[in-house]
Amino acid sequence: MDINVIGTAKDFRTDTDIIYATILIDDYLELVGEDFSEFYIQRKKENHKAYKRLERDILAGTLLPSITLAIKPDYVSEISEIIKRKDFQELEKALSKKGIVNILDGLQRTYILKELKKSNKEFKEGQTLLLEFWLEDDIKHLIYRLIVLNSGQKPMSMRHQVELLFLTIKETLEKDIEGLEIYLERDEGRRDRPRKYSLDRLVTAYQSFMTKSPEVKRDNIVAAKMVEDEILDSDEESLDDNFKAFKRYLEIYADLDTEMNKIYKNGKANWFADENVMNSFFAALSDFGSISDSRRKRIDTALNNLLNVIKNSESEEDPLALEKFNEIKSGLNPKKDNVGFATRKLLVSSFKEFFREEGEKTLEACWVAEAE
């Protein structure tokens with residue numbers, strides 16, 4: 001594999017090193033490997049007419065726009081030291097290691113290149129790609145770069161920006177939260193224990209936390225844009241504080257999940273992995289806790305009380321009153337209500353009531369009180 005480093009740059013605002021390089025197409029496909037799209041969720045291979053034209057252009061020898069790769073956080077420090085020494089030969093060797101990059105921009109182009117290679121099409125001799133490597137190991141800077149800076153440069157949805165963030169920090173999250181495992185949505189059957197969540201669920205949970213709403217797929221485009229614009233107006237410190245809060249609550253959420261699995265069996269044991277539950281829980285946390293410190297203290301007290309209630313329950317008991325919750329849910333009229341929306345509304349309002357009462361009011365009482 002032959003990577004040719006042509007230069008470096010520095011983002012002085014975040015002190016981020018950037019490397020520019022060229023690489024032969026065959027070598028690039030070897031660099032990203034067979035599983036280059038492993039943790040992408042929605043952005044699977046697309047089939048646009050324009051891509052057929054692009055295939056022909058590639059075979060004719062066109063130079064594609066640069067592909068942006070992120071060096072995984074565990075390797076950033078090592079490569080940054082090489083940059084300081086200005087040893088391009090050693091830098092090229094370090095960048096040639098497999099499994100150290102994620103694709104941030106260029107996934108569809110990579111799909112096309114891979115398909116052309118698989119169909120035994122030949123690229124022009126010496127045909128290269130331009131690569132841009134980002135070296136960022138500070139989550140605070142990653143959040144700001146991916147969610148705010150990127151929004152002004154490319155027509156990318158907030159959902160995809162959050163996916164990129166979690167793709168990049170997946171391993172860091174798993175290290176920071178004991179026992180956490182993030183797996184692919186298509187491997188749903190793999191959830192065989194608590195503290196295991198699909199990447200898709202965590203992405204929408206964080207999006208719900210940021211927007212203070214479980215409705216991550218809003219029909220009202222104007223309302224959705226207003227919420228996203230408010231987030232994009234946030235400064236770096238605010239985004240960092242928000243993510244740290246999410247991570248702290250995720251750790252508590254995983255603890256609740258662990259204790260729940262000691263009490264509940266079968267499908268109920270996976271209640272905390274349900275998309276509606278996750279999105280509603282984190283939306284309620286953010287919305288209720290955004291008002292004041294006193295409210296955030298109420299949340300902490302409520303969650304601590306809930307954890308103790310579950311810990312002190314016997315296996316035959318129902319500390320979360322899921323029987324009552326399911327009874328209320330089954331009473332929703334699908335002809336009258338959007339069941340998914342009504343379920344999330346019940347969950348959010350009940351969780352907020354539970355937080356407001358600092359966990360002194362049982363979840364069963366909250367389910368009943370908030371049922372319409």
Side-chain angles (χ1 to χ4, degrees), residues 194 197 201-202 204-218 227 245-246 248-261 263-264 266-292 294-313 317-334 336-372:
Y197 310 101
R201 300 288 165 83
L202 286 180
T204 57
Y206 180 51
Q207 193 174 352
S208 297
F209 189 76
M210 286 197 298
T211 61
K212 303 181 181 68
S213 169
E215 305 308 316
V216 293
K217 299 176 182 178
R218 290 172 180 257
V227 172
F246 172 80
R248 185 173 75 85
Y249 287 130
L250 177 59
E251 189 167 8
I252 297 171
Y253 192 83
D255 290 340
L256 291 168
D257 190 16
T258 297
E259 295 303 322
M260 181 178 180
N261 269 254
I263 305 299
Y264 293 92
N266 302 320
K268 290 181 180 178
N270 287 323
W271 193 73
F272 274 121
D274 178 80
E275 182 176 18
N276 283 333
V277 175
M278 292 188 75
N279 291 358
S280 301
F281 181 87
F282 285 99
L285 281 170
S286 183
D287 189 34
F288 184 80
S290 64
I291 305 299
S292 63
S294 62
R295 282 199 172 196
R296 286 186 284 275
K297 289 178 181 177
R298 285 189 177 194
I299 289 174
D300 290 342
T301 302
L303 293 177
N304 187 58
N305 284 339
L306 180 59
L307 189 60
N308 287 331
V309 166
I310 302 174
K311 282 182 177 180
N312 294 326
S313 297
E317 296 179 321
D318 184 12
L320 298 182
L322 295 189
E323 289 291 339
K324 178 58 69 175
F325 172 78
N326 289 329
E327 178 186 334
I328 294 171
K329 182 180 173 183
S330 66
L332 296 172
N333 186 349
K336 180 182 178 183
D337 303 306
N338 178 316
V339 174
F341 178 82
T343 299
R344 291 187 293 274
K345 185 177 180 181
L346 170 64
L347 284 164
V348 170
S349 59
S350 298
F351 283 139
K352 289 169 71 172
E353 178 67 11
F354 186 75
F355 299 150
R356 185 176 293 107
E357 298 297 326
E358 298 183 309
E360 295 295 331
K361 187 175 184 178
T362 67
L363 273 175
E364 180 171 7
C366 293
W367 302 141
V368 172
E370 299 303 317
E372 292 184 350

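All values reported here derive from a predicted model rather than from experimental measurement.
- Distance check: S350 OG to F355 CZ gives 10.5 Å after rounding to the nearest 0.5 Å.
- With sequence neighbours excluded, the residues forming a side-chain contact (heavy atoms from CB on, under 4.5 Å) with K352 are A284, D287, F288, V348, listed by chain and number.
- Rounded to the nearest 0.5 Å, atoms CD1 (I291) and CZ (R296) are 9.0 Å apart.
- For the pair I263 and E317, the tightest heavy-atom approach, listed with the atom from each and the gap, is CG2-O, 3.6 Å.
- Aromatic rings from Y249 and F282 are positioned such that their centres are separated by 6.0 Å or more.
- Taking every heavy atom of both residues into account, R298 and R356 meet most closely at NH1-O, 3.0 Å.
- If you check the side chains of N270 and D274, you find no donor sitting under 3.5 Å from an acceptor.
- At a threshold of 4.5 Å between non-hydrogen side-chain atoms, the residues N279 and E275 count as touching.
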Using the rule given for side-chain contact (heavy atoms from CB on, under 4.5 Å), can you reason through V368 versus K324, listing the C-alpha separation, both sets of side-chain angles and the distance that settles it, and then say yes or no?
CA-CA 8 Å; V368 172; K324 178 58 69 175; 4.0 Å; yes

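- By the neighbour-count criterion of 12 heavy atoms within 6.0 Å, atom NZ of K345 is sparsely surrounded, having that number or fewer from other residues, nucleotides or ligands.
- Salt-bridge annotation for R248 and E251: absent, with no side-chain N of the basic residue lying under 4.0 Å from a carboxylate O of the acidic one.
- Taking E360 as the reference, N305 meet the side-chain contact (heavy atoms from CB on, under 4.5 Å) condition, with sequence neighbours excluded.
- Residues that satisfy the side chain to side chain donor-acceptor pair (under 3.5 Å) test with K311, not counting sequence neighbours, are absent from this structure.
- E259 CD to L320 CG: the interatomic distance, rounded to the nearest 0.5 Å, is 11.5 Å.
- A donor-acceptor pair under 3.5 Å is absent between the side-chain atoms of W367 and the main chain of I328, judged by distance alone.
- Under the ring pair (Phe, Tyr, Trp, His ring centres under 6.0 Å) criterion, F281 pairs with Y253, F351, sequence neighbours left out.
- Every residue two or more places apart in sequence or in another chain that forms a side-chain contact (heavy atoms from CB on, under 4.5 Å) with K329 is listed here: F325, L332, T343.
- A donor and an acceptor atom, one from each side chain of S213 and T211, are nowhere located under 3.5 Å apart.
- A donor-acceptor contact shorter than 3.5 Å links the side chain of T204 to the backbone of R201.
- Contact check for L303 versus L285: side-chain heavy atoms found under the 4.5 Å cut-off.
- Among all heavy-atom pairs drawn from G359 and A302, the shortest one is N-CB, 3.5 Å.
- Going from atom CG of N304 over to atom CD1 of I299 covers 13.5 Å, rounded to the nearest 0.5 Å.
- Looking only at distances, no side-chain donor or acceptor of N276 sits under 3.5 Å from a matching main-chain atom of R344.
- Note: D257 CG to L250 CG = 10.0 Å, rounded to the nearest 0.5 Å.
- At a threshold of 4.5 Å between non-hydrogen side-chain atoms, the residues L322 and L363 do not count as touching.
- Using a distance-only test at 3.5 Å, with no hydrogens or angles considered, no donor-acceptor pair links the side chain of S286 to the main chain of K212.
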Step by step, work out the side-chain contact (heavy atoms from CB on, under 4.5 Å) result for I252 and L307.
CA-CA 9 Å; I252 297 171; L307 189 60; 5.8 Å; no

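- Once rounded to the nearest 0.5 Å, the distance linking CZ of F272 with OG1 of T258 reads 10.5 Å.
- Under the side-chain contact (heavy atoms from CB on, under 4.5 Å) criterion, A365 pairs with K361, T362, sequence neighbours left out.
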